[in-house]
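Here is the structure we will look at.
Just so you know, these numbers use all the heavy atoms, side chains as well, and skip hydrogens, waters and symmetry mates. Treat the numbers as computed from the prediction; the structure is a model and nothing was measured. The first residue of the sequence shown is numbered 1, and numbering continues consecutively from there.
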Amino acid sequence: MASRDIGRNTRTKTSPQGTGADTAGLGARRAAQRAVAALIGQERPPALDEALAQAIRTEALAPADAALARAIAVATFRRYGQIRGALSHRLERGLPTAKPQLMALLATATAQILDLAVPDHAAVDCAVRLAKADNRTAHLAGLVNAVLRRIARERAAILAEGADALATNTPNWLARRWSAAYGPEVAGAIARAHLAGAAIDLTPRGDPADWAERLGAVRLPTGSLRLPENGPAIPDLLGFQEAAWWVQDAAAAIPARLLASGPGARVLDLCAAPGGKTMQLAATGAHVTAIDRSAPRLERLRENVARLGFDVEIVVADALALEGQDHDAVLLDAPCSATGTIRRHPDVAWTKAEADIGRLAALQGKLLDHAAGLVRPGGRLVYCTCSLEPEEGEAQVAAFLARDARFTRVPVRAEEVGGAAELIDANGDLRTLPCHFAEVPGARGGLDGFFASRLQRAG
């Protein structure tokens with residue numbers, strides 16, 4: 001990771017490293033265009049991170065240009081609704097959704113104009129150059145130039161029209177769902193948090209107060225550390241080489257703590273990759289077995305565990321095929337729609353469909369029932385998802401408790417989340433929202449959206 005962010009919304013007219021209207025900026029912009037085009041109009045699109053990684057490799061980008069490509073692609077999906085509306089109103093024939101390369105070219109250039117600190121002329125000129133260099137869009141270079149120049153002239157009006165983030169930059173089906181689940185006011189706050197993006201949080205192995213001081217970070221009530229914006233790259237930070245901490249959203253760090261595992265406990269981490277929770281559990285001295293069906297994702301976990309010096313048993317397996325009831329604690333971070341991570345992964349809002357939620361909820365129910373059978377009598381089970389959808393959280397646990405009388409809920413206490421009682425719902429479950437911790441002095445606010453319920457099996 002070469003950079004944390006590229007000057008969002010600052011509109012300074014000095015170009016970040018690797019940008020400008022010269023050929024040096026074309027590779028980064030072409031990579032962003034490739035990545036965005038890979039997601040547009042696809043029935044089963046890849047994750048933006050995956051598409052970006054491939055595009056960055058294809059372009060053989062230096063770290064600074066790779067960071068710029070990532071910033072452009074992320075900004076494109078963060079304001080994708082607004083960008084689509086702006087282009088639609090300025091194109092006589094409407095959006096070119098049937099032409100992913102053209103749509104991605106226009107969208108990524110518009111994102112630079114609206115949201116990044118690059119000169120407008122650089123965004124427009126590079127887009128025109130890219131159009132001319134591609135046989136699929138060469139004949140439309142004049143159109144690209146005219147539309148983007150108009151976007152630049154009318155930037156202030158476009159931003160003003162998009163002031164309502166829920167209406168403008170949230171797909172209708174998600175806006176409707178969040179309004180029903182949390183009320184229109186909170187739904188609007190969630191959408192604004194998504195537009196603001198996410199900070200980088202760390203989970204320290206040692207004393208949080210000490211590492212907060214050493215890193216110049218903000219210590220959040222939950223114990224995580226939040227880095228200030230525009231600091232050094234992660235590998236350049238104090239403590240990286242010594243594995244004194246790892247990157248993990250503050251909300252994502254809470255569920256593993258709810259297990260309250262300790263030295264010698266037999267803990268099973270299901271659907272474990274990429275491994276932040278695994279490392280938290282291992283840090284307690286527990287005997288941890290990490291399970292995931294994806295060998296490539298577990299390889300990343302394996303690398304992180306080795307770097308941090310933890311002793312973890314790592315197994316490639318389908319959680320539904322596991323047997324045995326002798327675990328003191330089981331953590332099930334179930335596959336989900338990931339709508340709670342839109343601050344970090346704005347493509348999720350535009351690549352998931354409402355039908356996905358029912359399909360995933362059915363799988364979660366099967367996993368939860370199976371995980372329950374892996375807990376010894378008297379043991380604990382924590383079920384969690386990084387979703388804002390009640391079907392994947394509150395409703396899932398309510399249905400499970402209704403069909404499995406062996407388990408009861410162990411409510412989360414305010415002191416377990418640093419006194420932040422607003423993170424606990426009426427049933428005693430954890431429910432974090434992107435708009436929680438909205439004001440963090442010295443750093444960007446917000447949390448990922450997470451649900452977690454702590455359940456105990458009768459002895």
Side-chain angles (χ1 to χ4, degrees), residues 44 47 170-183 186-187 190-191 193-194 249 251-256 258-259 269-274 276-277 291-294 297 318-320 330-372 381-404 407 409 412 423-436 447-455:
R44 293 185 177 276
T170 308
N172 290 336
W173 68 275
L174 280 175
R176 173 177 49 78
R177 285 181 139 273
W178 297 340
S179 294
Y182 305 109
V186 173
I190 290 172
H194 290 162
D249 183 81
I254 299 174
L258 299 182
L259 274 181
D269 186 6
L270 298 177
C271 310
K277 300 176 184 65
I291 307 290
D292 202 283
R293 64 186 301 174
S294 170
R297 282 167 57 81
D318 185 340
L320 291 173
V330 174
L331 175 62
L332 172 58
D333 187 355
C336 69
S337 62
T339 55
T341 69
I342 291 173
R343 292 187 315 141
R344 300 179 188 281
H345 306 291
D347 54 301
V348 167
W350 303 99
T351 56
K352 295 293 172 94
E354 192 162 16
D356 293 332
I357 294 171
R359 174 180 57 81
L360 288 163
L363 173 60
Q364 291 154 9
K366 293 178 182 178
L367 285 167
L368 188 48
D369 287 341
H370 193 75
L381 166 65
V382 167
Y383 168 83
C384 64
T385 60
C386 55
S387 169
L388 293 171
E389 315 316 310
E391 295 94 323
E392 300 182 273
E394 294 85 349
Q396 194 68 253
V397 168
F400 169 74
L401 290 174
R403 64 179 179 264
D404 195 331
F407 283 82
R409 178 186 281 110
V412 180
L423 308 185
I424 304 172
D425 70 13
N427 291 318
D429 291 329
L430 177 78
R431 166 54 80 189
T432 66
L433 300 175
C435 53
H436 282 146
L447 289 174
D448 279 359
F450 251 89
F451 172 85
S453 184
R454 180 170 53 195
L455 310 165

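- No donor-acceptor distance shorter than 3.5 angstrom exists from the side chain of Tyr383 to the backbone of Ala371, with no hydrogens or angles considered.
- Of the possible donor and acceptor atoms, none in the side chain of Arg431 sits under 3.5 Å from a partner among the backbone N and O of Asp425.
- Under the rule for a salt bridge (Lys or Arg N to Asp or Glu O under 4.0 Å), the partners of Asp429 that lie at least two apart in sequence or sit in another chain are Arg409.
- Counting all heavy atoms, side chain and backbone alike, Leu258 lies closest to Ala452 at CD1-CB, 4.2 Å.
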request  = Tell me, with the steps shown, if Asn427 and Val397 meet side-chain contact (heavy atoms from CB on, under 4.5 Å).
outcome  = CA-CA 11 Å; Asn427 291 318; Val397 168; over 6 Å; no
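- Under the 4.0 Å criterion applied to side-chain N and carboxylate O atoms, Lys366 and Asp369 are not assigned as salt-bridge partners.
- Under the salt bridge (Lys or Arg N to Asp or Glu O under 4.0 Å) criterion, Glu389 pairs with Arg177, sequence neighbours left out.
- Under a 3.5 Å cut-off, the side chain of His436 and the backbone N or O of Leu433 do form a donor-acceptor pair.
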key: Leu367 vs Leu270, side-chain contact (heavy atoms from CB on, under 4.5 Å): CA-CA, chis, key distance, verdict   = CA-CA 9 Å; Leu367 285 167; Leu270 298 177; over 6 Å; no
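- The CG atom of Leu331 sits 7.0 Å away from atom NZ of Lys277, with the distance rounded to the nearest 0.5 Å.
- Glu392 and Ser337 form a side-chain donor-acceptor contact under 3.5 Å, judged by distance and modelled atom types alone.
- Separation of atoms CG (Leu363) and SG (Cys336) is listed at 10.5 Å; rounding is to 0.5 Å.
- A salt bridge links Arg344 with Asp448; the closest basic N to acidic carboxylate O contact falls under 4.0 Å.
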